[in-house]
Amino acid sequence: MVLQLNKSVLSSGNTIQITGSKSESNRVLLLQSLFDNIQIENCSNADDSLVLKKALWQNTKTVDVHHAGTAMRFLTAFYAIQKERETILTGSSRMKERPIKVLVEALQSLGAEINYLENAGYPPLYIKGGELKGASVKLQANVSSQYISALLLIAPVLKNGLVVSLIGEVTSVPYIKMTLSLLSKVGVVTSFEGSVITVAPIVNTKKQLQKIVIESDWSSASYYYSCIALSSLGATIKLSSYKKDSLQGDACLSELYKHLGVSTKFEEHSIILTKTAHAQEEVSFNLINSPDIAQTIAVSCFGLGIACNLIGLHTLKIKETDRLVALKVELEKFGAQVSISNDSLFVNKSKIIKEGVVIDTYQDHRMAMAFAPLALKTSFYINNPEVVTKSYPDFWEDLKSVGFQTLKI
């Protein structure tokens, strides 16, 4: 399917209800499967969360997570501690290209029995569950934080808990802190001092019912920040349900988009975004703690005709696609001048925005959603727009509700 996005005008003043955070939901879903005292409200309806939820409760030997990277990493750790269970964990062709060696070796050092079925260092995996007797592990810190979180989430049910020593600069610290905060909510004692994380074992898992309400997804909110930034002064939109003391690293949007002229007003359980100023001529952001919003920011800056320099993006190369290469290719279709390195992206100032471009999405939900707000500046097409179901199934309907003109062809 191809989606035609015609040049649109944002309908100001609308309210969008965004589903629960995929990052929070996936962590709580795994904890719910380990403990029997967790009730979840506002759980994400994203494909990744649905895949994980199904996998946590199914008893089949082969489990296919398709494109769900978080599910692949969390389930690798989860199945490693399922005694007397053998599991083949596999995924899409792209998933088989995404490295998992760091996590597998960490689990093996704790006593896990995991083997590669095709290429060493990559899925699919054969996992024979058992008791992990190790109590400490060392891990390179400049890799995906999901490897670290996968270990932390199973740590409370290990006999001796777990001490994780991180080597080098830590990537995506907010996501690690999110994991630790959610563990604390269910009664697990944790600490994060310097480069050492400690998770104590939990003895009594039959505690009073704990209700966890998932905050709405800040990554999904980024597309509306982009919409407001690309609109005229005074444009406004309301998003729910959000809070100021968020666990999500992408909540930094409220600060970053000030440089693009967008203000954020926090109300009870919601935020109001308003275009209150013109964007700066050039912006520079270090997104090492929030790389998932890089695509949105890059497109926003191009649409505004300003330069942007984004660094801290090394993990984007192992996502659903190599997002740095994909961004360069697709932005240049519109006439942008883009340069990339292993961990950075620079978009030069440009007053040219071509029309009629066809955007490829590379099986990457964020490629589709990051480019969509550009319809406020020009008309274009998006191939395979259905990829948004991975994290935000209602995205296109929500865009139409605020004035975007779309046509399936």
Side-chain angles (χ1 to χ4, degrees), residues 3 5-25 41-50 213-244 246-258 260-276 290 292-293 295-297 299-300 303 365-377 382 385-406 408:
L3 193 69
L5 277 79
N6 298 314
K7 191 171 181 180
S8 307
V9 177
L10 187 73
S11 300
S12 291
N14 293 58
T15 299
I16 300 292
Q17 172 68 53
I18 295 179
T19 185
S21 160
K22 178 167 68 80
S23 297
E24 286 189 48
S25 295
E41 288 191 10
N42 196 34
C43 191
S44 171
N45 64 352
D47 283 354
D48 278 15
S49 296
L50 297 178
V213 181
I214 307 295
E215 182 188 14
S216 291
D217 189 62
W218 274 94
S219 303
S220 297
S222 72
Y223 314 117
Y224 298 101
Y225 272 93
S226 186
C227 288
I228 295 296
L230 295 174
S231 294
S232 303
L233 291 175
T236 183
I237 197 166
K238 186 174 183 178
L239 307 176
S240 59
S241 303
Y242 291 92
K243 56 188 180 182
K244 201 165 188 176
S246 175
L247 298 177
Q248 300 172 50
D250 291 344
C252 66
L253 285 161
S254 62
E255 291 298 320
L256 298 184
Y257 266 82
K258 286 180 181 178
L260 303 185
V262 181
S263 68
T264 305
K265 180 182 179 182
F266 287 84
E267 292 190 340
E268 188 177 5
H269 307 305
S270 64
I271 52 175
I272 298 174
L273 315 182
T274 306
K275 182 67 175 286
T276 55
S290 50
D292 282 345
I293 58 177
Q295 291 148 291
T296 313
I297 292 173
V299 174
S300 295
H365 53 134
R366 300 205 190 282
M367 287 298 293
M369 294 186 286
F371 276 92
L374 204 56
L376 295 167
K377 298 292 184 179
I382 294 184
E386 62 275 8
V387 294
V388 302
T389 61
K390 180 177 172 65
S391 65
Y392 189 175
D394 301 323
F395 179 69
W396 299 118
E397 289 303 313
D398 284 348
L399 270 194
K400 286 196 289 185
S401 75
V402 295
F404 279 69
Q405 301 174 32
T406 66
K408 295 178 182 179

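- If you check the side chains of Gln405 and Ser8, you find no donor sitting under 3.5 Å from an acceptor.
- A donor-acceptor distance shorter than 3.5 angstrom exists from the side chain of Thr236 to the backbone of Leu273, with no hydrogens or angles considered.
- For the residue pair Asp250/Ser219, the side-chain donor-acceptor check at 3.5 Å is satisfied.
- Closest approach of Asn42 and Ser216 over heavy atoms only: ND2-OG, 3.8 Å.
- Checked by atom type and distance alone, the side chain of Thr274 never pairs as donor or acceptor with a backbone atom of Thr276 at under 3.5 Å.
- For the atom pair Ile18 CD1 and Asp394 CG, the distance stands at 10.0 Å (nearest 0.5 Å).
- A donor-acceptor contact shorter than 3.5 Å links the side chain of Trp396 to the backbone of Pro385.
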Candidate pair Gln248 and Ser23, rule side chain to side chain contact (heavy atoms under 4.5 Å, CB included), full reasoning: CA-CA 8 Å; Gln248 300 172 50; Ser23 297; 5.7 Å; no
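- Annotation: the span from His365 atom NE2 to Gln295 atom CD amounts to 8.0 Å, rounded to 0.5 Å.
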Mind running side-chain hydrogen bond (donor to acceptor under 3.5 Å, both in side chains) on Tyr257 and Ser300 for me, showing each step along the way? CA-CA 10 Å; Tyr257 266 82; Ser300 295; 2.7 Å; yes
Going through the distances and angles, do Thr264 and Ser254 end up as a side-chain hydrogen bond (donor to acceptor under 3.5 Å, both in side chains)? CA-CA 6 Å; Thr264 305; Ser254 62; 5.0 Å; no
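- Nearest heavy atom pair, residue Ile16 against residue Ser401, reads CD1-OG, 3.4 Å.
- Judged by distance alone, the side chains of Ser25 and Ser44 never bring a donor and an acceptor atom under 3.5 Å apart.
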Before giving the answer on side chain to side chain contact (heavy atoms under 4.5 Å, CB included), spell out for Leu10 and Ile228 the whole-Å C-alpha distance, their side-chain angles and the decisive distance to 0.1 Å. CA-CA 8 Å; Leu10 187 73; Ile228 295 296; 3.5 Å; yes
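- Between Tyr223 and Phe395, the angle of the ring planes goes over 60°, which puts this pair in the perpendicular group of the 30/60° scheme.
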Could you walk me through whether Thr406 and Leu399 pass side chain to side chain contact (heavy atoms under 4.5 Å, CB included), step by step? CA-CA 9 Å; Thr406 66; Leu399 270 194; 5.6 Å; no
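- Between Trp218 and Tyr242, the ring planes are perpendicular. Angles over 60° get that label, and only those under 30° would be called parallel.
- Residues Cys252 and Ile293 have side chains in contact (heavy-atom distance under 4.5 Å, counting atoms from C-beta outward).
- The two atoms that bring Ala368 and Val387 nearest to each other are CB-CG2, 3.9 Å, heavy atoms only.
- To the nearest 0.5 angstrom, Met367 atom CE is 9.5 Å from Ile382 atom CD1.
- Side chains of Ser240 and Ser270: a donor-acceptor N/O pair is absent below 3.5 angstrom, by distance only.
- The closest side-chain heavy-atom distance from Glu267 to Ile272 is below 4.5 Å.
- Taking 4.5 Å as the limit, some side-chain heavy atom of Arg366 sits within range of a side-chain heavy atom of Asp292.
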Could you give me the CA-CA distance, side-chain angles and deciding distance for Asp217 and Lys22, then say whether salt bridge (Lys or Arg N to Asp or Glu O under 4.0 Å) is met? CA-CA 7 Å; Asp217 189 62; Lys22 178 167 68 80; over 6 Å; no
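- Nearest heavy-atom pair, Cys43 versus Thr19, reported as atom, atom and distance to 0.1 Å: O-OG1, 3.6 Å.
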Test side chain to side chain contact (heavy atoms under 4.5 Å, CB included) on Cys227 and Leu376; report intermediate values, then the result. CA-CA 7 Å; Cys227 288; Leu376 295 167; 4.1 Å; yes
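- Counting heavy atoms from C-beta on, the side chains of Val402 and Ile237 come closer than 4.5 Å.
- Residues Tyr225 and Pro373 are not in side-chain contact: their nearest non-hydrogen atoms beyond the backbone lie 4.5 Å or more apart.
- When side chains are defined from C-beta on, Leu3 counts as touching Leu5, because their heavy atoms get closer than 4.5 Å.
- Among all heavy-atom pairs drawn from Leu256 and Ile297, the shortest one is CD1-CD1, 4.0 Å.
- Using a 4.5 Å heavy-atom cutoff, the side chains of Ile271 and Lys265 are not in contact.
- Looking at Tyr392 and Asp398, their side chains do bring a donor and an acceptor atom within 3.5 Å of each other.
- Within 6.0 Å of CD on Glu268 lie no more than 12 heavy atoms contributed by other residues, nucleotides or ligands.
- Note: Ile214 CD1 to Glu41 CD = 9.5 Å, rounded to the nearest 0.5 Å.
- Note: Lys258 NZ to Ser263 OG = 9.0 Å, rounded to the nearest 0.5 Å.
- In this model, a donor atom of one side chain and an acceptor atom of the other lie less than 3.5 Å apart for Ser246 and Glu215.
- Side chain of Lys275 to main chain of Ser231: a donor-acceptor pair is present (N/O by atom type, distance under 3.5 Å, no hydrogens or angles).
- Counting only distance, with no hydrogens or angles, the side chain of Thr389 and the backbone of Asp47 share no donor-acceptor pair below 3.5 Å.
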